[in-house]
Each structure stands twice: as C-alpha cells, then as structure tokens.
Number of protein chains: 2
Amino acid sequence: MNQEDIKQIFKSKGIKNTRQRQRVYEYLIACQQPVTADAIYMDLARESAGDETLNLSTVYRILDIFLKQKLIIKSNLTNDNKSTFELNKREHRHHLVCVKCNLVTPITGCPLKGYDQMLSQSTHYEILEHKLEVFGVCPKCQGHS
Amino acid sequence: MNQEDIKQIFKSKGIKNTRQRQRVYEYLIACQQPVTADAIYMDLARESAGDETLNLSTVYRILDIFLKQKLIIKSNLTNDNKSTFELNKREHRHHLVCVKCNLVTPITGCPLKGYDQMLSQSTHYEILEHKLEVFGVCPKCQGHS
DNA sequence: GTAACTGCAAACCTTTTGCAGCTTG
DNA sequence: CAAGCTGCAAAAGGTTTGCAGTTAC
C-alpha cells in the first residue's frame, strides 16, 4: 500500500490528508500489532529528519479521528494503564500475549464462532462484539526463568 | 462471611488486619462486580461515620496487596483508562458488558474450555489464562436509542 | 515496642485541551 | 481564502510515592 492508496482511504472517510496522518497510518500498517500512542510518537520522532516534526498530542488527535472512522481499534491489552491501537482489519482478530516479553501474536481463527448468537438468545442482549486475549509464556521465554 | 472469616483469610495470606482492609474486602464481597478504585473509595467514604476515615491512596495500596496475594483480579474492562478490580473467585469468569449503561453481568460457563490446550499445542506457548469480555446492549437499553 | 499501615499532599504518567500559527483543498 | 490541522504548553484525570503520625501484633 503506497501513499496514494492511503490518500484514497482518507478521502473515502472524509479525513483531510496531512503528512502526519500519512505517517501514523503507514506506521500502523507496518507494525501489524497493537501499539501505544507513545510508541508511535517515539518511533516516528526518532526517524524524523529535519522539519518532519510530530507532536504526541497530534498523535492522540489523529488516533481519535481514525477511531471515529473505524480505521483502527483501541484496547487495553496490558494492565499498565496504557491504551493500545491497531489497524482495524475487517477480519475479527484475537491475540496471544507473552507475559514475560510482551510479544503480541495474532491468533488465527476465532474460537467463539456461533457463541455470540447463542449468548444473545440466552441473555436477550444485542451482542455487538467480544474481546478475547490469551496470556502465556512464549517458547523463547520458557526456561529463561 | 463475617469479619472473623475475613481476618482468617488475611492471616493465611500474611496480610495484617486493619479496619480499612476489612472494609475494602467486605465491599468487594458485597458488590460482586468489577469496580474502580474510585468507586470503592466514594462508596466507603460516603458511608463512613465520624472517625472511620479512608483515603483513596490507601484504597490503591490495599488493592495492590490484595492483587499480590491473588485475592482479587485487575482488568481494564472499559476504554476509559480506569482499572477495575473484583474478587478472585476460583471459578474462571467472563462478563457481558452493556455498552450503554455499563452494566456488567457474569457469564455462566466458559465457552473456551479445551481451547487453551489446543492453542498451546499449535503455538508452543505455555498458556496461563485468557480474558474474554462480550459487549452488547442489554434488554433495558434496547429501544431507548 | 517495632514494623507496618494510613492520611495527606505532592509527584507522576497518560491523555486531553486552549490557543496561535500554519497547511490543505 | 477558509476551514481545519499542528505544535506547544498547560490542564486534567487516574495512579503512585514520600513522609510524619498512628496502629496492629
């Protein structure tokens, strides 16, 4: 996906195209993982050359806009009071999180297919979505106790 | 469960028995739901008579201790950057959250029985736990759009 | 009596906001 | 050109910490 493609996505969502928004969106495409606002800011600030400035509050404002247009998803994966953001792939995704190194791996397939519907019948809720995250120790961290 | 029972629980965990800790623990038993530190503080402060003071930072410190002794569980159910705490019943629990009124209802039974083991085999992770939360609109909030 | 706990106030950290200047369409 | 975006600094809100006084064992 190149800059022109991203521009088109923004256009279709009524989002004005700016250098900062391009960069944040490119970053989210590249990292393929839930990330914090601060991580986006730090990484992009680091790789900035000269006048390519980017402010943390701008990152938050951009993330808000992306959220409102449902380009991204917000969640609180860890318990450290930081929100994480990731691209909203249409496919419904879950993650496996390593509690030692914090590596986040997408899980292929949803084990809850059909469950939402069943739950809707038994509770009379209108089910909108579910969040599932699995926690464990990744192969690399096993043994390095 | 009376005060003496709670005292015994504290003793078994090496937690010194104080008035504040008793009150927070009683509160968690009574509310049977994930609650924020602030909610605990507000409710207990309101019902405090005379010298029964309780400080918000004390609530946080008590929750930290309960967490370390695994008496409670911490999570980030909502996206508003507040942590919630609930008693750690040994049975593994999930919740149904109404996105309109924030009502939290426990779900009976875990739809992921056996899934962890399967995932462990396919990923070579040592699976420790999973968190599942389902979001929807409760019967009362439906229609009141 | 002593180690540990609590209240208070201040610090800390993430996130939000007001405003002046700049950019995009 | 006008509307809207960005940077900066300051504020806001949740959580943590230092310290002096109090309490539990």
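Reminder, nothing fancy here: chain letters follow the sequence lines and each chain counts from 1.
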Check your understanding: If you find the nucleotide of DNA chain D closest to Asn81(A) and the one closest to Leu56(A), which residue's nucleotide is nearer the 5' end?
Key -> Leu56(A)
Figure out the [atom1]/[atom2] separation between [X] and [N], and round it to whole Å.
X        : N       : atom1 : atom2 : answer
Tyr25(B) : dC5(C)  : OH    : P     : 17 Å
Asp80(B) : dT14(C) : CG    : C1'   : 13 Å
Arg21(B) : dT22(D) : CZ    : C1'   : 14 Å
Ile6(B)  : dA24(D) : CD1   : P     : 16 Å
Arg23(A) : dC5(D)  : CZ    : P     : 18 Å
Lys68(B) : dA4(C)  : NZ    : C1'   : 14 Å
Lys82(A) : dC12(C) : NZ    : P     : 16 Å
Leu54(A) : dC8(D)  : CG    : P     : 10 Å

Exercise for review: Would you give the length of the straight line joining atom OH of Tyr125(A) to atom SG of Cys141(B), rounded to the nearest 0.5 angstrom?
Suggested key: 8.0 Å
Point to revise | Backbone of His124(B) reached by a side-chain donor or acceptor of Gln142(A) within 3.5 Å | key: yes
Check your understanding: For Gln22(A), does its backbone N or O pair with a side-chain atom of Gln3(A) as donor and acceptor, under 3.5 Å?
Key -> no
Check your understanding: Would you say Ile15(B) and Ile9(B) make side-chain contact, with heavy atoms under 4.5 Å?
Key -> no
Exercise for review: Taking atom NZ of Lys7(B) as the centre, report whether more than 12 heavy atoms of other residues, nucleotides or ligands fall under 6.0 Å from it.
Suggested key: no
Exercise for review: Assess whether atom CE of Met118(B) is packed by more than 12 heavy atoms of other residues, nucleotides or ligands within 6.0 Å.
Suggested key: yes
Review point. Listed in order of residue number, which residues of residues 10-19 of chain B have a non-hydrogen atom at under 4.0 Å from DNA chain D?
Key: Lys16(B), Asn17(B)
Exercise for review: Kindly state which residues belonging to residues 37-44 of chain B come within less than 4.0 angstrom of DNA chain D, counting heavy atoms of the residue only, listed by number.
Suggested key: none
Review point. What about Leu63(A) and Ile73(A), same hydrophobic cluster or not, with Ile/Leu/Val/Met/Phe/Trp/Tyr joined at side-chain heavy-atom distances under 4.5 Å?
Key: no
Review point. Taking the inter-plane angle between the rings of His130(B) and His94(B) on a 0 to 90° scale, is it parallel (under 30°), tilted (30 to 60°) or perpendicular (over 60°)?
Key: parallel
Would you indicate, yes or no, if [N] has its OP1 or OP2 atom less than 4.0 angstrom from a side-chain nitrogen or oxygen of [X]?
X        : N       : answer
Ser57(B) : dT16(D) : no
Asn55(B) : dT6(C)  : no
Gln20(B) : dT23(D) : no

**Study point:** Centroid-centroid distance, Phe66(A) to Phe10(A), less than 6.0 Å
**Key:** yes
Exercise for review: Ignoring the backbone of Arg61(A), work out which of dC19(C), dC19(D), dT16(D) is nearest its side chain.
Suggested key: dC19(C)
